[in-house]
Amino acid sequence: VLGQKLWHYTLRKWQACRPKSARKDRLPLLKEIDADLKIISNVDLRNFRDISSNERMAISRIWSALQNLICDTRKNTAVAPSKAILILTNGRLGPALDSNVRNALKLPNVLCSDDYIFLLRAISEDIAAFEQVNAPILLENLVPKEWQPVFVGRAYDMAIGPRDKNIH
């Protein structure tokens, strides 16, 4: 699990909490979700279609814990918990559901863990279809060398995330 300072820095840098009010004391939250993070330690977007009910329930518990406990000032949208899950899984599960990603995927707000799990399953299907058509290319192999290594969830996040505003 990431150190508290790195987590806090990353969540603030990624603007997961607005205004910048990411809670500094993460240890109780990290302890609360540690067992569930271990349950999903082998889950990524490539194998997400085949997760067990135990793994699905662990993801649901993680989402629910993060949904209301990351930011100090208000109830979170999907941005903070999805970014935290992306970080905590080292990029195996993603994307972070900021407005750029939601616009690219034409998504409404993800309001609960069931919505999040449904979305991850759909993304897993999308990746499988892409990789079947483009075999033997894997999505994360398309990430520029200077950003590698990355896991598939982070690669998906990078593919649909923020763009340079000068590119048309």
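For this chain, numbers begin at 1 and follow the sequence in order.
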Check: Asn42 main-chain N/O paired with Asn47 side-chain donor or acceptor under 3.5 Å: yes

One should read off an interatomic distance between Asp126 CG and Leu120 CG, to the nearest 0.5 angstrom, of 12.5 Å

Closest non-hydrogen atom pair, Trp147 against Val143: CB-CG1, 3.5 Å

Please round to the nearest 0.5 Å and tell me the distance separating atom CD of Glu55 and atom CG of Asp36. 11.0 Å

Evaluate side chain to side chain contact (heavy atoms under 4.5 Å, CB included) for Glu140 paired with Gln148, printing each intermediate quantity in order. CA-CA 8 Å; Glu140 58 270 35; Gln148 289 188 17; over 6 Å; no

Separation of Ile59 CD1 from Arg61 CZ (nearest 0.5 Å): 10.0 Å

Taking all heavy atoms of Ile39 and all of Ala58, pick out the closest pair and write down the distance. CG2-CB, 3.8 Å

Hey, is Asp157 close enough to Arg154 for a salt bridge, meaning N to O under 4.0 Å? yes

Kindly determine whether Ser82 and Val110 satisfy side chain to side chain contact (heavy atoms under 4.5 Å, CB included), including the steps that lead there. CA-CA 10 Å; Ser82 64; Val110 174; over 6 Å; no

Under 4.5 Å between any side-chain heavy atoms of Phe151 and Leu45, yes or no? no

Tell me whether Glu131 is salt-bridged to Arg46, with the criterion being a basic N under 4.0 Å from an acidic carboxylate O. yes

Gap between atom CD1 of Ile85 and atom CD1 of Ile40 - 0.5 Å precision: 7.0 Å

Look at the side-chain heavy atoms of Ile, Leu, Val, Met, Phe, Trp and Tyr, link any pair under 4.5 Å apart, and say whether Tyr156 and Leu107 land in one connected group. yes

Are Leu138 and Leu93 linked, directly or through intermediate hydrophobic residues, by side-chain heavy-atom contacts shorter than 4.5 Å (ILVMFWY only)? no

What one should report as the nearest heavy-atom pair of Cys112 and Trp63 is C-NE1, 3.5 Å

Closest heavy-atom pair, Ala104 versus Ile160, reported as atoms and distance to 0.1 Å, is CB-O, 3.8 Å

Ion pair Asp98/Arg102, N-O distance below 4.0 Å: no

Evaluate Phe118 against Asp115 for side chain to side chain contact (heavy atoms under 4.5 Å, CB included), listing each step before the verdict. CA-CA 5 Å; Phe118 180 83; Asp115 294 345; 5.7 Å; no

Note: Lys83 and Ala96 closest approach over all heavy atoms is CG-CB, 3.1 Å

Rounded distance (nearest 0.5 Å) linking atom OG of Ser113 with atom CE of Met57: 11.5 Å

Derivation of the side chain to side chain contact (heavy atoms under 4.5 Å, CB included) call for Leu97 and Tyr116: CA-CA 10 Å; Leu97 299 174; Tyr116 181 65; 4.1 Å; yes

Heavy atoms, side chains only, cut-off 4.5 Å: are Ile117 and Phe48 in contact? yes

Approximate separation, where rounding is to 0.5 Å, of Leu105 CG and Leu119 CG: 6.5 Å

